[in-house]
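Here the structure is laid out as structure tokens; the discussion comes afterwards.
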Protein chains: 2
Amino acid sequence: MNISELAKELGFSVSTVSRVLSGNAEKYRISRKTVEKVQEAAEAFQVTPDPIGAGLRRGKMGIVGLLVPDITNPFFSQLARAIELKLRSSGVAVQLCNSAEDSSTEISLLGKMLTRRLDGMIIAPVGTESEALRSMIQDSSMPIVLVDRPLPGTKAPSVSLENRNAGRLAAQQLLAAGHTLIGCLRGAPGSESDRERFEGTRDALRAAGIDPESLVVAGSGYSREESLSASALILRRPDRPTGIVTLSGQGILGALETARELKLTIPDQLSIVAFDEQPWSPLIEPPITTIAQPVDQMANRVVELLNRNMQKSSKDENSDRETNESYFFDALLMERSSVGSPS
Amino acid sequence: MNISELAKELGFSVSTVSRVLSGNAEKYRISRKTVEKVQEAAEAFQVTPDPIGAGLRRGKMGIVGLLVPDITNPFFSQLARAIELKLRSSGVAVQLCNSAEDSSTEISLLGKMLTRRLDGMIIAPVGTESEALRSMIQDSSMPIVLVDRPLPGTKAPSVSLENRNAGRLAAQQLLAAGHTLIGCLRGAPGSESDRERFEGTRDALRAAGIDPESLVVAGSGYSREESLSASALILRRPDRPTGIVTLSGQGILGALETARELKLTIPDQLSIVAFDEQPWSPLIEPPITTIAQPVDQMANRVVELLNRNMQKSSKDENSDRETNESYFFDALLMERSSVGSPS
DNA sequence: TTCGCTGGCGCAAACGTTTGTCCTCTCCTA
DNA sequence: TAGGAGAGGACAAACGTTTGCGCCAGCGAA
């Protein structure tokens with residue numbers, strides 16, 4: 001039963017019922033009695049306004065899209081959970097998409113979502129510097145917030161980690177323990193955040209008086225295979241680094257697997273600092289020192305930004321878009337036992 | 001620009017444009033020339049049919065809801081990824097919700113989603129046997145598929161693990177290694193699947209000629225705290241079990257953390273068999289023997305069932321609902337090194 | 001020439017809301 | 001008693017599609 005049938009049933013007009021059921025009763029001076037009658041009947045007949053009809057009239061459906069590289073990555077799943085929770089409290093639903101860490105998939109997905117009349121979008125862009133992605137964001141009138149990986153030169157605000165400092169912090173752990181030959185397992189070297197983290201580690205080396213060029217670097221992607229082969233590249237060298245920093249959340253898996261193959265003990269023969277806290281980081285032998293991201297705070301900021309932009313775009317259409325509003329959060333060092341002095 | 005403006009622009013009627021753009025051109029015998037003209041113009045002006053308008057007319061928006069206890073749990077995030085991928089190929093979007101392993105949250109969320117006019121729902125029910133949940137499913141006319149945890153006595157088809165066999169399989173690993181005093185870390189004892197797994201482990205003990213009552217049991221939830229205290233309950237006993245089975249995906253974390261606190265070496269002082277494969281299961285020291293679920297196959301089956309039900313419910317309204325169509329998948333044993341003989 | 005058929009397309013209803021505007025009472029005041 | 005004001009609702013337009021039906025022109029057949 002829809003609200004017009006309910007109206008007929010009650011002898012009221014559709015508008016009256018609509019105003020009551022959408023909570024605008026007193027704004028339109030509906031009498032107390034009427035409100036009660038309508039609410040009772042709505043309860044009894046299980047009537048709620050049809051969201052599609054309302055959506056058509058309002059021009060939006062109360063749904064925001066969330067486009068992440070891989071929901072299986074704990075960082076993104078935590079992010080998704082926090083975002084969904086916060087948006088839900090404003091009655092907004094979340095539509096999920098995985099770009100599978102693939103840039104062209106991401107583009108086509110974003111294209112589809114842009115035509116889907118969502119209220120807004122939250123995007124964790126895949127790492128390569130895609131001009132297509134940038135221009136889609138620029139051309140679209142939809143409120144968009146970027147997360148995890150900023151995309152310089154777009155109007156979309158972004159929320160991410162203070163990546164360069166974080167990279168510095170990671171390397172410093174190894175340097176402080178006395179390591180001088182250090183490996184660096186990168187994620188996707190095309191992504192802004194990966195590059196920043198990488199520069200951070202180089203900063204740290206420089207500050208310690210070590211030639212940043214001595215850093216043993218490898219890595220070109222997030223998949224198991226890629227991080228595995230990159231780890232091998234680093235750890236199978238004759239002059240094997242005594243410490244390694246993994247710049248992406250998945251990297252630690254490749255590093256651990258390779259260390260296991262080579263029967264390297266941690267931290268005696270190999271020290272590890274890993275980006276992204278995982279539920280199991282503190283629990284394995286030895287507990288892994290990690291660089292954690294304040295996921296919940298970041299999620300909250302994302303939602304705030306999105307809400308603000310959604311209001312703006314619905315009120316005055318041509319408000320001055322403050323371009324490049326970016327927020328950076330400090331990384332958290334979780335110091336544990338995977339870092340020791342070099343043998 | 002919408003299709004009616006485009007129609008005006010071209011001198012065609014709205015219906016013609018609509019038929020072309022929704023791919024029903026030849027069904028309505030639109031001429032080749034017209035089709036081309038319309039498609040070109042649509043391309044040029046970036047016009048796609050507004051999904052809300054279409055949704056209103058069709059009565060649905062091409063969205064299915066996915067309600068999981070916790071998207072952070074690797075099992076559910078893998079499931080979500082696979083389901084989203086498969087549904088996307090039919091042009092259907094996925095709306096995500098977390099019930100936070102809380103039964104009342106689940107009920108209220110489900111209620112909201114039922115009014116949202118989704119095409120269907122996929123639910124991984126929270127473990128307690130909620131009569132409310134059951135009746136909401138019964139009363140609703142929306143196509144619903146249950147996953148991971150069957151809910152006996154509802155019309156909704158379900159997809160889950162052959163849990164009893166899986167429990168048996170897990171316990172057999174320990175028994176075969178010679179363990180006789182075995183611990184069992186349960187998840188939520190109210191859930192069907194937890195109960196089945198539990199019965200399975202008891203089966204195995206019985207078959208080995210061991211009194212199932214000798215099983216040391218604890219556990220009442222999925223949170224870190226709960227699995228931690230339950231692990232303590234099991235492992236701090238004077239007659240500490242030499243082997244333990246963790247029945248929920250999260251359980252292994254509690255068991256590992258407790259083992260670490262007690263400085264128990266694995267597998268020498270404690271053998272472990274854990275439910276649910278995790279990315280890190282093979283990588284830590286020692287690699288953990290797990291009972292894995294064929295997630296992708298399960299996801300595919302879920303989508304098939306949902307599609308079938310969505311067709312049914314849109315065609316003949318009162319087709320005979322085959323109640324209780326349940327599918328069970330065999331667990332996969334990942335045999336590794338966390339099981340040894342008791343000291 | 002007329003009839004019928006069919007290819008090609010337009011008309012208009014329907015989907016279910018929301019909301020600006022207008023109408024109708026009632027009551028109060030001068 | 002007439003005039004005005006304000007409270008309480010009704011009317012109808014608009015949101016953008018989809019789709020059953022009907023209309024018209026042209027062509028072949030009788």
Side-chain angles (χ1 to χ4, degrees), chain A residues 1-39 41-42 45-63 91 114-119 141 314-315 317, chain B residues 1-39 41-42 45-63 91 114-119 314-315:
Chain A
M1 179 140 96
N2 54 30
I3 70 171
S4 61
E5 294 179 304
L6 182 64
K8 211 161 291 171
E9 196 79 22
L10 282 167
F12 286 118
S13 75
V14 201
S15 23
T16 301
V17 175
S18 167
R19 295 197 236 254
V20 172
L21 258 37
S22 51
N24 293 327
E26 79 286 358
K27 177 180 169 190
Y28 287 97
R29 302 170 314 198
I30 307 295
S31 74
R32 192 135 207 82
K33 271 188 208 165
T34 307
V35 170
E36 280 171 12
K37 272 194 214 166
V38 172
Q39 281 175 338
F45 291 98
Q46 299 264 47
V47 176
T48 48
D50 182 315
I52 307 187
L56 180 58
R57 172 67 216 232
R58 293 212 182 97
K60 52 183 181 177
M61 289 282 296
I63 303 180
L114 286 178
T115 71
R116 263 189 180 272
R117 289 279 218 126
L118 303 169
D119 295 26
S141 64
S314 68
K315 289 215 163 178
E317 193 53 48
Chain B
M1 179 140 93
N2 54 30
I3 70 170
S4 60
E5 295 178 304
L6 181 65
K8 211 161 291 172
E9 196 78 23
L10 282 167
F12 285 116
S13 75
V14 202
S15 17
T16 301
V17 176
S18 166
R19 295 195 239 252
V20 172
L21 259 37
S22 50
N24 293 327
E26 77 287 356
K27 177 180 168 189
Y28 287 98
R29 302 171 313 197
I30 308 295
S31 74
R32 190 133 207 85
K33 272 189 207 165
T34 308
V35 169
E36 280 170 13
K37 273 195 212 166
V38 172
Q39 280 176 339
F45 291 99
Q46 299 264 48
V47 176
T48 47
D50 182 313
I52 307 187
L56 180 58
R57 173 65 216 231
R58 292 211 184 97
K60 52 184 182 178
M61 289 281 296
I63 303 178
L114 285 179
T115 72
R116 262 188 181 272
R117 286 265 215 144
L118 303 169
D119 295 26
S314 68
K315 289 216 163 178

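So that the names make sense, note that chain A is the first sequence line, chain B the second, and so on, each numbered from 1. Atoms considered below: every heavy atom in the structure, side chains included; atoms not considered: hydrogens, waters and symmetry mates.
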Checklist entry - With nearest nucleotides of DNA chain C determined for B:Arg117 and B:Arg32 from heavy-atom distances, which residue corresponds to the more 5′ nucleotide? => result B:Arg32
Checklist entry - Closest nucleotide of DNA chain D for A:Thr16 versus for B:Ile3: which of these residues is on the 5' side? => result A:Thr16
Checklist outcome for this item: Assert: residue with more 5' nearest nucleotide on DNA chain D, out of B:Asn24 and A:Val35, is A:Val35
For [X], report the nucleic acid contact type (base, sugar-phosphate, nothing); a contact means any heavy atom under 4.0 Å.
X: B:Leu56; value: base
X: B:Arg19; value: base
X: B:Ser31; value: sugar-phosphate

Closest to the [X] side chain, choosing from [options]:
X: A:Asp50; options: D:dG16, C:dG16, D:dG9; answer: C:dG16
X: B:Arg57; options: D:dA10, C:dC9, C:dC15; answer: C:dC15
X: B:Thr34; options: C:dC9, C:dG20, C:dT18; answer: C:dC9

Item to check | B:Thr16 side chain to B:Ser13 side chain, donor-acceptor N/O pair below 3.5 angstrom | outcome: yes
Side-chain N or O of [X] less than 4.0 angstrom from OP1 or OP2 on [N]?
X: A:Arg29; N: D:dA7; result: yes
X: A:Tyr28; N: C:dG20; result: yes
X: A:Ser18; N: C:dT19; result: no

Checklist entry - Under 4.5 Å between any side-chain heavy atoms of B:Leu56 and B:Ile52, yes or no? => result no
Next on the checklist: Using side-chain heavy atoms (C-beta onward) and a distance below 4.5 Å, is A:Asn2 in contact with A:Asp50?
Outcome noted: no
Next on the checklist: Would you compute the distance between atom CE of A:Met61 and atom CE of B:Met61 and round it to the nearest 0.5 angstrom?
Outcome noted: 4.0 Å
Checklist entry - Hey, is the side chain of B:Ser15 pairing donor to acceptor with the base of C:dC11 inside 3.5 Å? => result yes
